[in-house]
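Here's the structure, in structure tokens; my notes come after.
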Amino acid sequence: MKGKLLRITFLFATVLILITGSFFFDYPIEKSEDIQSEQIIAVNEIEQLIRSGQYDIATEKAEDLRKFMQPDEYKQEHSVKWSLLCFISLIYLFSILGYIYFSILRPFDKLKKFSSSIAQGDFNLPLNYERSNYFGEFTWAFDSMRREITKARSCEREAIENNKTIIATLSHDIKTPISSIRAYAEGLEANLDSTPEKRARYLHILMHKCDEVSKLTNDLFLHSLSDLDKLQINAEVFELCEFMRTAVSEITAEQHNIHLDIPNDQIPVLADKNRLIQIMENLINNALKYAKSDIFITLSISNHIIKISFRDYGTGIPDEDMPFIFDKFYRGRNCNTEQGSGLGLYIVKYLTEQMGGNILLQNHSDGLEAIVTLSAAK
């Protein structure tokens, strides 16, 4: 379109120039030869008159010849007018061309480049809104479309990332009850169930852990296409002290390096039992894996705030890792060769906050303390 417009403009300019030039060269060759012949004849006539002594007539003829040989003032004035008209026409023509280019062609080229970038998947190139051209509303609409597509892609990426996170989270949580199942199975294999009561208890815990695995796999299936914030928290009021004794006993399979300090009081709490077990399993297993020391679990309440402390005597967490320790897939420098996904503390923080609580990690000179806070039920 741009090339066609330039060709048309050049054609019109050429026609105007040719028309103007024709006024300077509008006498044919034959006419010029006739004029030259007449002038020669007039000169010869003047010479004859001078020779014959007729000076007055010769003077008149010479004056007539002089006037005849002078330029045609009317023709000269007419040519100047046409030249001026041609010049003004050319200015007007190029002004129209400039207006069309800057108001229509250049904005249209911007739209073409923008649409080409969008087609290639580049949504970072903005298209500024210009009120001065005829495509102002179109540029605004195209740029608005670009922003909406960018936002939609960002939401899509976030949803995919959340889906990956929830799947990884649930997969990680499945490992914890499986570890307990293995521990109790090894106890049965080693004939540690010396009494029928103990054997029944072992079997009961194994079946309970299998139920936990089944629930987690159901969550994994349910949320394979869901966002992380849709993980359900089924809160209920229950007595916390006895629940913790039972839960810790099942988690640790009665290991002797786990020490409980739980009061005999009745402390009601509003929480999700299964999620609270997940929190305790992650914190206890992290301490067993990385600290490799005795673990002291204490429970206290003050001003309706429940604090559950998990204290180990390992090397702690390096200070430079503390700001990132709750991030997804982050593993601190103290992990050494231990296998892990970097999701344990992220899961703990997420579940605790979903139940209205919080978690705090504190380094001590001789270990690490994780403190989970929950609100006591009225």
Side-chain angles (χ1 to χ4, degrees), residues 157-158 161-162 164-176 179 228-229 231 233 240 244 247-248 251-252 255-262 269 271 275-376:
R157 286 194 296 267
E158 185 179 354
E161 182 64 25
N162 284 338
K164 291 180 180 178
T165 302
I166 189 60
I167 292 172
T169 300
L170 292 171
S171 300
H172 174 272
D173 285 341
I174 289 173
K175 295 179 182 178
T176 304
S179 299
L228 182 61
D229 57 1
L231 193 63
I233 302 294
L240 183 59
M244 281 195 61
V248 171
I251 293 170
T252 60
Q255 296 185 51
H256 297 293
N257 59 342
I258 308 296
H259 308 280
L260 278 176
D261 183 10
I262 297 176
V269 66
R275 305 307 180 192
L276 189 55
I277 289 175
Q278 286 178 245
I279 292 171
M280 291 190 293
E281 284 178 337
N282 276 294
L283 292 176
I284 291 172
N285 287 331
N286 273 1
L288 291 172
K289 182 188 295 185
Y290 299 113
K292 295 181 174 58
S293 68
D294 286 1
I295 302 170
F296 290 83
I297 302 172
T298 60
L299 187 149
S300 61
I301 182 170
S302 176
N303 296 327
H304 298 285
I305 300 297
I306 300 171
K307 291 186 178 181
I308 307 172
S309 171
F310 299 82
R311 176 77 158 86
D312 65 55
Y313 292 88
T315 58
I317 297 175
D319 292 337
E320 56 269 26
D321 289 332
M322 276 295 188
F324 316 103
I325 202 64
F326 290 110
D327 291 349
K328 289 183 290 187
F329 307 113
Y330 184 83
R331 302 195 71 204
R333 292 168 176 79
N334 63 335
C335 63
N336 299 322
T337 58
E338 296 291 343
Q339 298 296 317
S341 60
L343 286 170
L345 291 177
Y346 172 77
I347 296 168
V348 169
K349 182 177 176 63
Y350 174 78
L351 293 177
T352 304
E353 290 178 349
Q354 291 300 305
M355 292 190 292
N358 198 5
I359 180 170
L360 175 67
L361 295 180
Q362 288 184 346
N363 270 323
H364 296 279
S365 59
D366 55 351
L368 177 73
E369 182 179 15
I371 301 173
V372 176
T373 59
L374 296 171
S375 298

Between [X] and [Y], is any pair of side-chain heavy atoms under 4.5 Å apart?
X: Q354; Y: R275; result: no
X: M280; Y: I297; result: no
X: N363; Y: D319; result: yes
X: I258; Y: I251; result: no

Item to complete: Test side chain to side chain contact (heavy atoms under 4.5 Å, CB included) on I262 and V248 and set out the steps.
Response: CA-CA 11 Å; I262 297 176; V248 171; 5.6 Å; no

Just verifying a value: how many Å separate [X] [atom1] and [Y] [atom2], rounded to the nearest 0.5 Å?
X: F310; Y: I371; atom1: CZ; atom2: CD1; result: 11.0 Å
X: L361; Y: I317; atom1: CG; atom2: CD1; result: 5.0 Å
X: L368; Y: Y290; atom1: CG; atom2: OH; result: 12.5 Å
X: D312; Y: H364; atom1: CG; atom2: NE2; result: 9.0 Å

Discussion item. Under 4.0 Å between a side-chain nitrogen and a carboxylate oxygen: does that hold for R311 and D366?
Written reply: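 Yes.
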
Discussion item. Working note: L299 + L260, criterion side chain to side chain contact (heavy atoms under 4.5 Å, CB included); need CA distance, chi angles, decisive distance, verdict.
Written reply: CA-CA 9 Å; L299 187 149; L260 278 176; over 6 Å; no

Discussion item. For N358 versus T352, what's the shortest heavy-atom pair and its separation?
Written reply: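 That would be N-CG2, 3.1 Å.
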
Fill in: Which atom of I305 lies closest to which atom of S375, heavy atoms considered
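Minimum heavy-atom separation between I305 and S375: CD1-OG, 4.4 Å.
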
Worksheet item: Looking at L283, L288, N257, which hits side-chain contact (heavy atoms from CB on, under 4.5 Å) with I295?
Response: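 For I295, the side-chain contact (heavy atoms from CB on, under 4.5 Å) test succeeds with only one of L283, L288, N257, which is L288.
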
Worksheet entry | Aromatic ring proximity, centroids under 6.0 angstrom, Y313 and F296 |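 Centroid distance F296-Y313: below 6.0 Å, so yes.
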
Practice prompt. Starting from the C-alpha separation in whole Å, work towards a yes-or-no answer on side chain to side chain contact (heavy atoms under 4.5 Å, CB included) for L240 and I308.
Written response: CA-CA 10 Å; L240 183 59; I308 307 172; 4.3 Å; yes

